[in-house]
Structures are given as C-alpha cells and as structure tokens.
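Since the structure comes first, as structure tokens, the remarks are kept for the end.
Throughout, protein chains are lettered first and strands after them, A, B, ... in sequence-line order, and every chain is numbered starting at 1. Values reported hereafter were calculated over all heavy atoms of this structure, with side chains retained and with hydrogens, waters and symmetry mates removed. Small disclaimer: the values here were computed from a predicted structure and weren't measured.
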Amino acid sequence: MSLPFNVASHLDTALRAAASALGLADRGFEPEVRVADPAHGDFQANGALAFAKREKQNPRAFAQQIVDRLGDLTADFDLSLAGPGFINFRLKPTALLAWLQTYDSEQHLQSGAATLYQGQRFVVDFSSPNTAKQMHVGHIRGMVIGEAICRLLAFCGAEVVRDNHIGDWGTGFGKLIWGYKNLRNDQALARDPLEELERLYKAADAASKENPATLDAARAELVKLQNGDPENTALWNQINTISAAAFTEIYRQLGIRFDHQLGESFYNDKLAQVYEELRATQIAEDSQGALVVFHPEHARFKTQPFIIRKSDGASNYASTDLATMLYRAEHFKADAIAILTDARQADHFEQLWLTTQKWFTQTKRRLPRFEHVSFGAILGEDGKAIKTRTGDPIRLKALLAEAEERAFALVTEKSPELPETERRDIANAVGIGAVRYADLAQNRSSDYVFSWEKILSFEGNTAPYLLYAITRIHSIFRKIGLTAYDSAAAQGATTPATDGELALARKLVSFASVLNLTTAQLRPHYLCTYLYELAGQFSTFYAADKVIVDDPAVRARRLLLCQRTLIVLEAGLHLLGLRTLERM
RNA sequence: GGAUCUGUAGCUCAAUUGGAUAGAGCACUUGGCUUCGAACCAAGGGGUCGGGGGUUCGAGUCCCUCCAGAUCCGCCA
C-alpha cells in the first residue's frame, strides 16, 4: 500500500484513530503533526504534550500508549519517542522510493493536492488600482502576492474567481475632468496618455488648493458625472479605457489575469439596497448627517464610526465595499472572500467584516469566510511609505525594465555563447522573476524599505538560485540525450541510500505540508523558503553524488531524484507566478 | 490621547503561530573546477531574540510594563 500525497495528514488520521482506540474519541486530542527538524525525524507529533497536560497525565506515558497503537505505520515509518513526549516519524527508504515513484508529474502533484479545497469557491480581490494613476513599486505586492495566492488555491482544488476591484469612482474624478477640460496637452496625451492624465490630476489638485473657485468647478464636474451628464460620462469612459490599457500591459508583463474587473462604479446601482437593509435592521444609524455603523461590543468601534454614506448623500468606499460583499456572496456564491490591500486599511476591513456578519445574519444570508490579506508598505529611504503624490515614486514600468537590463548583463557575462535572442528571453525570466520573488519571499506582514540592491539581488534566497538548480537538472538530461521528464530514465531505480539522496528525498515528500501551510495562512513566503531549501538540498546532493555513473541502479535512482526535484521546483515556481528555463 | 502593526547576527530576512541546540543569504576568513553547468559546494567566526517583569514541563512566539519606528482614528480609497 503506497503512501498518500499528504503524509502529514495521513499521520494525523492514524494518530486520531489511535486516540479513539484508547477511548478518547471525544476528548479533543489534536495530534499536531508537522514537518520535523531532520535531526529528529521527517514528521513529528506534539499533540500528546498539550493533551496530557490538560488531562493531568504523564505526557511521555500517554505518548507511549499512542505509539503502541500505531503498529500499522511501522511498515513505512520508524517511530520513536523523545523528550517529554514528542512522537517522531522517520520514513523508511522503501517508503520514500514508493512516494517518489507515485508523484511523477506536476499533474500528479496537483491531483494529490486537490483534495485540500475541493468544492470551495474563493473570490480573490487583488491589484485593484486607481484609474488614471500610474502603477509604482508600491503596487507590486498586491499583484504578485494575489496572483500567487490564486494559483496556489486553484492548485489545491479550489475554484478561484479573480476580481480586479478597480478604483474608478473616486471623488478625484471631478478634479481630473476639470483638468482634462482646462489644462490638457493633446500632444502629451497622444504620446503617453496615462502620464498626461496623472499630470492633469496633479495640476488640477494643485489648482483647486490655490483657488476655491476651481475646487467648486471640479465638484460641479463630479456632480455632473454622477448625474449622468453625457459629456462627462464619455470622458470618464475614455479615461478608464486609457488606464485599462496601461494596466493591461503591466499585467501582461507579470503574467497576471483576472476573471472579472468589476470596479467601484459597477456597484452604483446596488448601494440603495445596502442603505435600506442596514437601516431597516438598525445596524446603521444617522449621525451628524451621515449614515454610520457603530459596534458597541467592540472596544474601538463603539466610538469609531464606519461611515457608509456621507452627509452629502454621496457614497464612499465603505458603501461600495458592502455592496461588493453582497454581490460576491450572492452572485459568485463565494465560500470565501479574500481581499488584498496594504495593512493601513486593517481598521476599515475589520469594520466591514463586523458589519457584514451582522447584516448577513439578520437577513438570513449564508455567511462566507472572509480574509483581509494585508501586507506591509514599501517604504522610501526616509522610512515613509512611498506615495504617488509625494516625492519621487519609482514607476513599476521602470523597475521591470531595469530588472531585465541587469539580468541581461549578468546572462551575457555568464553565458556569452548563447544567442542574443535567447539571452534576452532568459533576462526576462530572471529579471522579472527576481523582482516578484523578492516580494514573495518575505513575510507579507512587515514593511520594507525599497532598494534596487535588494529587489534585484541575484544571490541567496532568490529566483536566480532556484532557476539555476532547474537548469542544471535539465543539463544532466541533455547530456544523456533524454528529456528531463522521460520516465525511462528512472527505470530500475533502487532506494535512496547516500546522505545527499536521502535528505533530498525527504525534502520532496514534505511538499504537501508546505502547500497546506501556505494556503492556510495565505503566505507565499512559506513556499519560497521551502523551494529554496529544496534547491539547496539538490545542490548539496549534486556536488556530493555524481548522477551519470556506470552502475545502472544508482544512476536510475539519482535520475529519479533529479526528475522529482525538477517537477517540484517547476511546479512551485509556477505557483509563485515565475517562468522557468531550461538554460540560462 | 486611543488603537493596530513592527523591533531577531554588522546588513537584509526566516523560525510551521507555545516545542527539541534561534536558522539562511550578503559581508568577512579558509578550502574545492582537467570530473554531470563554480549564477555552485564545503567549513569557520559572528546572537542580552529592543529593556524589564510574569504565566508553565517548555517562551523569539502568550500576558503586563517601559523604549523606538510605522500606520489608523467622521465623511479620501
């Protein structure tokens, strides 16, 4: 009998069964299986400690009782008890070989992983830029983390709906329209439309600060737009089209796609229902002329209002976000909703979710799960957040171009024999990959100071290191005249035996656990760390154990390890949104 | 003033959310290419986990309290 894809959950099941056999079925024993430090084993279960503590038993004796009932596992594992009651599991080499032989393609890895979120629909809201503004480095986190999360969830069996919630209805549009009508430079508009729109916004903003009459004029333009004035509506459409084209180009470069792009304006006609229902259920109340929600049970939000309609009767982003929650729950039938924004909006989304829970409960709607996937800001050298309207934000376009240039210089230095077109292609994968990997590899909750040095680093835990390991594997197979995916290469493989082989095999088997962890917390850096360690194990193995040796059995098992390392590395990088290479 | 997040090696970051001896990269020192790609590998030095107290078999992780930085707190998104 072969092991399932997810060895940790296999052990979890066995441990629960053992607890049941002890008559503890309903006592809340949690096995707490996790990947172990290699010094102790491949997996460990720590749950006996917490359980014994709660039940006032000797933890080590309790753990021993569990182990005594795990006889079925001894075919595949060496079991041992350590310290105060850790249960350690080490896979036998035969079990490692069997697992490796079973999961022999990206496809099979996926079918193994797909049980995790089978039948669940996730709506993921990410990127969500504001119309008429250029994307700068601050926008990259939401895009690359969002894309990675979508791919990870889909890989693990979820049905993913990707929605780009574009900011296309802000109050800034009055100023922009006023600027367009009064300050427009047609030549500049033809040359770089988005650049010109951004200039117009800034100029109009400055003008309305100087002159109250200009501010009034801008407000009047907004009112006209909201009342459906044909000229302003046409202008608004045109601005959106220009923006969308620029955004699409960035998305193309980064390999990001959406199923829907329902901006804030889409929810205009759905706001009245929100106001009515929240008022009827007495969740919302009038305060200082505005419609607001307080949460008396909450220490902060009992006094800090959630303003869902402004005192002038206009909507704000709380209004549209509420309407959006409803639409996603009802129209998309979401089981879970994940919204990616920076951490500064944490209060807003906490209030949104508190309000939504009360609203859906009182109106007897099914409540989806909700996750505000927040991330830290990218700071400038001064330690302040990089902002569009202050200082000198670095354009995303420029960043990506610079990344490719630097990567091209490096490829040319390392592999001058390759034709230029291929070096350009490699530079694209390496450069763009390095930029997005730099963001993904870091725990999303912390801020970081932007530096070219860091984001374009090609050493250590970076995309080029992982891509390099992949190209070395492809190179081995080129040498023996096979493709890296040819199953014939691994025919007759024997069980892994050397330290390098065993460590690599064990690392491969823990892939499933990493997918669990990464999707449970929606933190791609766990996967990055794993892939980096896997590539490191491979490099160690590669230096210590020659693959192309005469002994056919040794050669086959090393080729098997190469193939499995390759598919996991490639699958992993593809999940992170990176393109992989055969040469570099 | 209230609240949230952050503080780990000289620098940039991890630590599976309470588990076993806190780990990587860069930088520094040393060794390894006539041998499957050296964008690599092996080894070494470098830590009061911001300070102090507490909770328990066990704390970088939880609680309290200071210190420092970032962010949010009524009509921007």
Using a heavy-atom cut-off of under 4.0 Å over every strand shown, decide if A/Leu410 touches base, sugar-phosphate, or nothing.
base
Ring centroid separation A/Phe301 to A/Phe306 under 6.0 Å:
no
May I have the distance from A/Leu440 (atom CG) to B/U12 (atom P), rounded to whole angstrom?
21 Å
Assigned partner base of B/G60, Watson-Crick or wobble definition, under 3.5 Å
none
A/Asp439 and A/Arg444 ion-paired at < 4.0 Å
no
When you check every protein heavy atom under 4.0 Å of nucleotides 15-27 of chain B, what one-letter string (B, S, -) results, 5' to 3'?
SBB-BB---SSS-
Whole angstroms only, please: what is the CD-C1' distance between A/Glu582 and B/G37?
15 Å
Regarding A/Arg472 and the six-membered ring of A/Tyr542, is the cationic atom NZ or CZ under 6.0 Å from the ring centre and inside 45° of its axis?
yes
Please determine, for B/U16, whether a Watson-Crick or G-U wobble partner exists with both distances under 3.5 Å, and give it or none.
none
Find the distance A/Ile308:CD1 to B/A77:C1' and express it as a whole number of Å.
17 Å
For the rings on A/Tyr267 and A/His165, is their centre-to-centre separation under 6.0 Å?
yes
With rounding to the nearest 0.5 angstrom, report the CZ to CD1 distance, A/Phe408 to A/Ile426.
10.0 Å
Atom NZ of A/Lys133 and atom P of B/C76 are separated, to the nearest Å, by 13 Å
Torsion-based syn/anti label for B/U17, 90° from 0 as limit:
syn
In whole angstroms, the gap separating P of B/G74 from NE2 of A/His348 amounts to 15 Å
Any salt bridge between A/Glu221 and A/Lys175, counting N to O under 4.0 Å?
no
Salt bridge (charged side-chain N to carboxylate O under 4.0 Å, His left out) pairs, two or more places apart, involving residues 306-319 of chain A:
none
Centroid-centroid under 6.0 Å between A/Tyr468 and A/Phe538 rings
no
Interatomic distance where CZ belongs to A/Phe541 and P belongs to B/C41 [whole Å]
14 Å
Is the distance between the ring centroids of A/Tyr317 and A/His348 less than 6.0 Å?
yes
Start at the 5' end of RNA chain B and walk down; is the nucleotide closest to A/Tyr317 or to A/Leu291 reached first?
A/Leu291
Closest of B/A77, B/A14, B/A39 to the A/Pro464 side chain is B/A39
Comparing nearest nucleotides in RNA chain B, the 5'-proximal residue of the pair A/Pro305, A/Asp545 is A/Asp545
If you restrict it to nitrogen or oxygen atoms, what contacts under 3.5 Å exist between nucleotides 42-45 of chain B and the protein, and what is each distance?
residue: B/A42; atom: OP1; partner: A/Thr540; partner atom: OG1; Å: 2.9

Would you classify A/Val292 as touching base, sugar-phosphate or nothing, given that sugar-phosphate means primed atoms plus P, OP1 and OP2, and contacts are heavy atoms under 4.0 Å?
base
Across the strands shown, which category fits A/Lys454 at heavy-atom distances under 4.0 angstrom: base, sugar-phosphate, nothing?
sugar-phosphate
Between B/C36, B/C75, B/C72, which one does the side chain of A/Ile307 approach most closely?
B/C75
A/Lys270 to A/Phe266 six-membered ring, cation-pi geometry met (6.0 Å, 45°):
yes
Heavy-atom count check: over 12 atoms from other residues, nucleotides or ligands less than 6.0 Å from A/Arg219 CZ?
no
Round to the nearest Å and state the distance from A/Phe349 atom CZ to B/C73 atom P.
14 Å
Tell me what A/Ser513 touches on the nucleic acid: a base, only sugar-phosphate, or nothing, going by heavy atoms under 4.0 Å.
nothing
Donor-acceptor pair present, A/Ser311 side chain and B/C75 base, under 3.5 Å:
yes
Using purine N1 to pyrimidine N3 plus N6-O4 or O6-N4 for Watson-Crick, or N1-O2 and O6-N3 for G-U wobble, each under 3.5 Å, what pairs with B/A68?
B/U6
Whole-Å distance, A/Lys302 NZ to B/C73 C1', equals 15 Å
My understanding is that a pair needs two contacts under 3.5 Å, Watson-Crick or G-U wobble. By that rule, which nucleotide pairs with B/A39?
none
Partner nucleotide of B/G1 by Watson-Crick or wobble geometry (both distances under 3.5 Å):
B/C73
Note: A/Arg423-A/Glu404 ion pair, threshold 4.0 Å (strictly below):
no
Have a look at A/Lys479 and say if it touches a base, only the backbone sugar-phosphate, or nothing, with a 4.0 Å heavy-atom cut-off.
sugar-phosphate
Hey, could you give me each pair passing side-chain hydrogen bond (donor to acceptor under 3.5 Å, both in side chains) that has a residue in residues 39-53 of chain A? Not counting sequence neighbours.
A/Asp42-A/Arg506
Any residue in residues 466-476 of chain A with a heavy atom nearer than 4.0 angstrom to RNA chain B? Just list them by number, or reply none.
A/Tyr468, A/Thr471, A/Arg472, A/Ser475, A/Ile476
Does A/Arg557 pair with A/Glu501 as a salt bridge, N-O distance under 4.0 Å?
yes
Could you say whether the aromatic ring of A/Tyr542 and the base of B/C36 stack, counting only centre distances under 5.5 Å and plane angles under 30°?
yes
For A/Trp169 and A/Trp236, take the angle between the two ring planes, folded into 0 to 90°, and tell me which bin it lands in: parallel under 30, tilted 30 to 60, perpendicular over 60.
perpendicular
If you only use heavy atoms from C-beta on, which nucleotide in B/A77, B/G37, B/C13 is closest to the side chain of A/Met584?
B/G37
What is the nucleic acid contact for A/Val514, judged by heavy atoms within less than 4.0 Å: base, sugar-phosphate only, or nothing?
nothing
Under 3.5 Å between N/O atoms: give me all the protein pairs with nucleotides 2-9 of chain B, atom names plus distance.
residue: B/A3; atom: O2'; partner: A/Arg300; partner atom: NE; Å: 3.4
residue: B/A3; atom: O2'; partner: A/Arg300; partner atom: NH1; Å: 2.4

Ion pair check, A/Lys209 and A/Asp205, cut-off under 4.0 Å
yes
